[in-house]
A.B. asks: 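Dumping the structure here so I can ask a few things about it.
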Amino acid sequence: MPEPTYIVLIKQVPDMDEVEFDYEEGRVDRSSAPLEPNPFDLNALEEAVKYKEELGGEVLAISMGPKQAESTLKDAIARGADEGILLHGREFAGSDTWATSLALAHAIETAGSCDIIFAGEKTVDGDTGQVGPEVAEYLDIPHVAFVSDVTKRGEKEIQVESETWGATYLKSMNLPGLITVTKDVNEPRLPSFKDKQRARKAEITTWGIDDISIDPDNLGVTGSPTRVANMEVPPPEERESLILREDPGNSVNQLLEKLDLGREN
Ligand SMILES: Cc1cc2nc3c(=O)[nH]c(=O)nc-3n(C[C@H](O)[C@H](O)[C@H](O)COP(=O)(O)OP(=O)(O)OC[C@H]3O[C@@H](n4cnc5c(N)ncnc54)[C@H](O)[C@@H]3O)c2cc1C
């Protein structure tokens, strides 16, 4: 029986504390800040590595992005992935979630059979949370989103807890399938110095449009139905503050009045 294969989708994102916005183009200026793996994707990777440790198999990390995204894939190898594939080329640039998901689905099909696909619940830059479920739809496999715990790792079935609409659902899914994970699912491991050294020497495979047999008309701006009409950063919410320094009894009464909860007598 072939060893199971786990695929992790990892996006390289800018440090959101430092990033600037291109208001004219309506997008994040990714060149304005240091780049790092999307934090939720490290949770996805950790879950794939746990699966591998329990049931054996291989973890393949896939990213679509610029050449610099190789460093994110090397980081994934340092944290337990066996291989990294970068989807790269000018045809991919300007893709919205629809085109991104299509490209990732083509890459997964090209990689061969896969038992579970792991993705983050969302990215910290695009923040749509669409790519994971869209990839599953393109591949015509089931998915569970917002997984906060994996309660059973099986070869043919996975059982998870999923946090949706303020409730926790216990779900089981036949494999192959896709899950998107939240930050609660695990604590991503830190790579050791030795792991980092090994990963630095690892070869990252680069695939272009011909490698994944995709029509370039379905990629980039041409293949993207989304149009960003406007982009605004909401002004910080202004809040009134009050420090009550009188004796506790008076302070409580003042506070209740302010909260409009004043006692009747
Ligand atoms: C009109 C338009 C033009 C755009 N042009 C560009 C552009 O030129 N350059 C650019 O960088 N972005 C561009 N974007 C943003 C780009 O579409 C999104 O960043 C991308 O589709 C992923 O969406 P998201 O960040 O919301 O991911 P989410 O749906 O929030 O991500 C969920 C999960 O999917 C996986 N995932 C998402 N994206 C990737 C990826 N690229 N590789 C591997 N896994 C992934 C990760 O596991 C992630 O945690 C554009 C968007 C629009 C609407």
Side-chain angles (χ1 to χ4, degrees), residues 6-14 16 19 21-22 24-33 35-48 59-73 75-76 79 81 84-108 111 114 116-139 143-147 178-183 185 188 204-207 212 214 218-231:
Y6 315 107
I7 289 186
V8 188
L9 303 178
I10 303 190
K11 184 182 175 188
Q12 190 177 56
V13 294
M16 292 309 283
V19 79
F21 295 89
D22 182 340
E24 275 186 19
E25 293 291 322
R27 66 184 178 200
V28 173
D29 177 6
R30 289 182 172 80
S31 60
S32 64
L35 299 164
E36 58 188 20
N38 179 45
F40 295 94
D41 302 353
L42 294 182
N43 296 95
L45 173 64
E46 177 66 27
E47 216 38 61
V59 175
L60 170 62
I62 300 184
S63 188
M64 171 177 147
K67 202 74 185 144
Q68 303 95 286
E70 272 192 2
S71 61
T72 280
L73 290 168
D75 184 78
R79 291 169 193 264
I85 295 178
L86 177 66
L87 298 186
H88 171 67
R90 60 186 163 73
E91 298 88 350
F92 296 98
S95 295
D96 65 1
T97 57
W98 176 277
T100 301
S101 308
L102 182 67
L104 291 170
H106 271 252
I108 291 164
C114 165
I116 315 177
I117 300 159
F118 299 85
E121 63 159 300
K122 61 181 178 183
T123 60
V124 291
D125 60 348
D127 198 17
T128 67
Q130 293 171 2
V131 169
E134 280 181 6
V135 167
E137 288 299 315
Y138 275 128
L139 294 171
H143 78 269
V144 182
F146 306 112
V147 168
L178 179 150
I179 63 169
T180 76
V181 302
T182 71
K183 295 219 64 92
V185 75
I204 301 298
T205 307
T206 301
W207 282 350
I212 59 169
I214 191 167
N218 294 328
L219 290 174
V221 177
T222 328
S224 298
T226 319
R227 295 286 169 268
V228 180
N230 187 21
M231 194 164 131

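These numbers were taken from a predicted model, which means no experiment stands behind them. Start at 1 and go down the list; that is how both ligands and their atoms are numbered.
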A.B. asks: List every atom of ligand 1 that sits less than 4.0 Å from any heavy atom of Ser63, numbering the atoms from 1 in the order shown and giving each element.
C.D. replies: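 Atoms satisfying the 4.0 Å criterion: 42 (N), 43 (C).
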A.B. asks: In terms of side-chain heavy atoms, does Ser63 have a donor or acceptor partner in Glu70 at a distance below 3.5 Å?
C.D. replies: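 No, no side-chain donor-acceptor pair sits under 3.5 Å.
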A.B. asks: Tell me every residue that passes ring-ring contact (aromatic ring centres under 6.0 Å, His included) with Phe40, counting only those two or more places apart in sequence or in another chain.
C.D. replies: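 By the ring-ring contact (aromatic ring centres under 6.0 Å, His included) rule, Phe40 matches no residue at all.
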A.B. asks: List the closest protein heavy-atom neighbour of atom 9 (N) of ligand 1: residue, atom name, distance to the nearest 0.1 Å.
C.D. replies: Arg30 NH1, 3.9 Å
A.B. asks: Using a 4.0 Å cutoff against the non-hydrogen atoms of Ala119, which atoms of ligand 1 qualify?
C.D. replies: 47 (O)
A.B. asks: Judging by distance only, is a nitrogen or oxygen of Leu9 under 3.5 angstrom from one on ligand 1?
C.D. replies: yes
A.B. asks: Enumerate the atoms of ligand 1 whose separation from the nearest heavy atom of Asn38 is less than 4.0 angstrom.
C.D. replies: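 Once the distances to Asn38 are compared, the set is 49 (O).
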A.B. asks: If we only consider heavy atoms of Ser95, is any one of them less than 4.0 Å away from an atom in ligand 1?
C.D. replies: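 For ligand 1, residue contact (heavy atoms, under 4.0 Å) with Ser95 is present.
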A.B. asks: I want to check something: taking the side chain as every heavy atom from C-beta on, are Met64 and Leu86 in contact at a cut-off of under 4.5 Å?
C.D. replies: no
A.B. asks: Taking all non-hydrogen atoms of both residues into account, name the closest pair between Asp41 and Ile10 and its distance.
C.D. replies: OD2-CA, 3.4 Å
A.B. asks: Would you say ligand 1 has an N or O under 3.5 Å from any N or O of Thr226?
C.D. replies: no
A.B. asks: Taking N or O atoms only and a 3.5 Å limit, does Leu104 qualify as a polar contact for ligand 1?
C.D. replies: no
A.B. asks: Between Met64 and ligand 1, is there a nitrogen or oxygen pair with a distance under 3.5 Å?
C.D. replies: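 N/O-N/O distance under 3.5 Å: yes.
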A.B. asks: Is ligand 1 under 4.0 Å from a heavy atom in the side chain of Val131, in the backbone, in both, or in neither?
C.D. replies: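 The answer is both.
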A.B. asks: Is there side-chain contact between Ile62 and Leu104, with heavy atoms separated by less than 4.5 Å?
C.D. replies: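 Yes. Closest side-chain heavy atoms under 4.5 Å.
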A.B. asks: Report the nearest protein non-hydrogen atom to atom 39 (C) of ligand 1: residue, atom name, distance rounded to 0.1 Å.
C.D. replies: Lys11 CB, 3.6 Å
A.B. asks: Out of Gly120, Pro39, Gly94, whose heavy atom sits nearest atom 6 (C) of ligand 1?
C.D. replies: Gly94
A.B. asks: Looking only at non-hydrogen atoms, which of Ile85, Val13, Ile10 approaches atom 43 (C) of ligand 1 most closely?
C.D. replies: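 Among Ile85, Val13, Ile10, the closest heavy atom to atom 43 (C) of ligand 1 comes from Ile10.
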A.B. asks: Give the C-alpha distance, both sets of side-chain angles, the deciding distance and a yes or no for side-chain hydrogen bond (donor to acceptor under 3.5 Å, both in side chains) between Ser71 and Gln12.
C.D. replies: CA-CA 9 Å; Ser71 61; Gln12 190 177 56; 3.1 Å; yes
A.B. asks: Going by the closest heavy atom to atom 31 (O) of ligand 1, which one wins out of Asp127, Thr97, Thr123?
C.D. replies: Thr123
A.B. asks: Check whether any side-chain heavy atom of Val8 lies under 4.5 Å from a side-chain heavy atom of Val59, and answer yes or no.
C.D. replies: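 Touching, per the 4.5 Å side-chain cut-off.
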A.B. asks: Within the structure provided, determine whether Thr206 and Lys67 are in side-chain contact (heavy-atom separation under 4.5 Å).
C.D. replies: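 Heavy-atom side-chain distance check passes, below 4.5 Å.
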A.B. asks: Provide, to 0.1 Å, the distance between atom 48 (C) of ligand 1 and the closest protein heavy atom, together with that atom's residue and name.
C.D. replies: Asp41 OD1, 3.4 Å
A.B. asks: How far does CH2 of Trp207 sit from CG of Leu87, to the nearest 0.5 angstrom?
C.D. replies: 7.5 Å
A.B. asks: For atom 21 (O) of ligand 1, which protein heavy atom lies nearest, and how many Å away is it?
C.D. replies: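 Looking only at protein heavy atoms, the one closest to atom 21 (O) of ligand 1 is Thr100 OG1, 2.9 Å.
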A.B. asks: Ion pair present between Asp96 and Arg227, side-chain N to carboxylate O less than 4.0 angstrom?
C.D. replies: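 Between Arg227 and Asp96 there is no salt bridge, as every charged N stays at least 4.0 Å from the carboxylate O atoms.
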A.B. asks: Are any non-hydrogen side-chain atoms of His143 and Thr180 less than 4.5 angstrom apart?
C.D. replies: no
A.B. asks: If you count the atoms of ligand 1 from 1 in the order shown, which ones are under 4.0 Å from a heavy atom of Gly129?
C.D. replies: 28 (P), 29 (O), 30 (O)
A.B. asks: Under 4.0 Å from a heavy atom of Asp96: give me the atoms of ligand 1 that qualify, with their elements.
C.D. replies: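 Contacts of ligand 1 toward Asp96, numbered from 1: 17 (O), 21 (O), 51 (C), 52 (C), 53 (C).
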A.B. asks: Of all the atoms in ligand 1, which lie at a distance below 4.0 Å from a heavy atom belonging to Ile62?
C.D. replies: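 So the answer, numbered in order with elements, is 43 (C).
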A.B. asks: With sequence neighbours left out, what residues match Asp29 under salt bridge (charged side-chain N to carboxylate O under 4.0 Å, His left out)?
C.D. replies: none
A.B. asks: Which heavy atom of Ile212 sits nearest a heavy atom of Ala107, and at what distance?
C.D. replies: CG2-CA, 3.8 Å
A.B. asks: Of the backbone atoms (N, CA, C, O) and the side-chain heavy atoms from C-beta on, which set of Thr128 has a member under 4.0 Å from an atom of ligand 1: side chain, backbone, both, or neither?
C.D. replies: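 For Thr128, backbone and side-chain atoms both sit under 4.0 Å from ligand 1.
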A.B. asks: What atoms of ligand 1 come within less than 4.0 Å of a heavy atom belonging to Gln130?
C.D. replies: 29 (O)
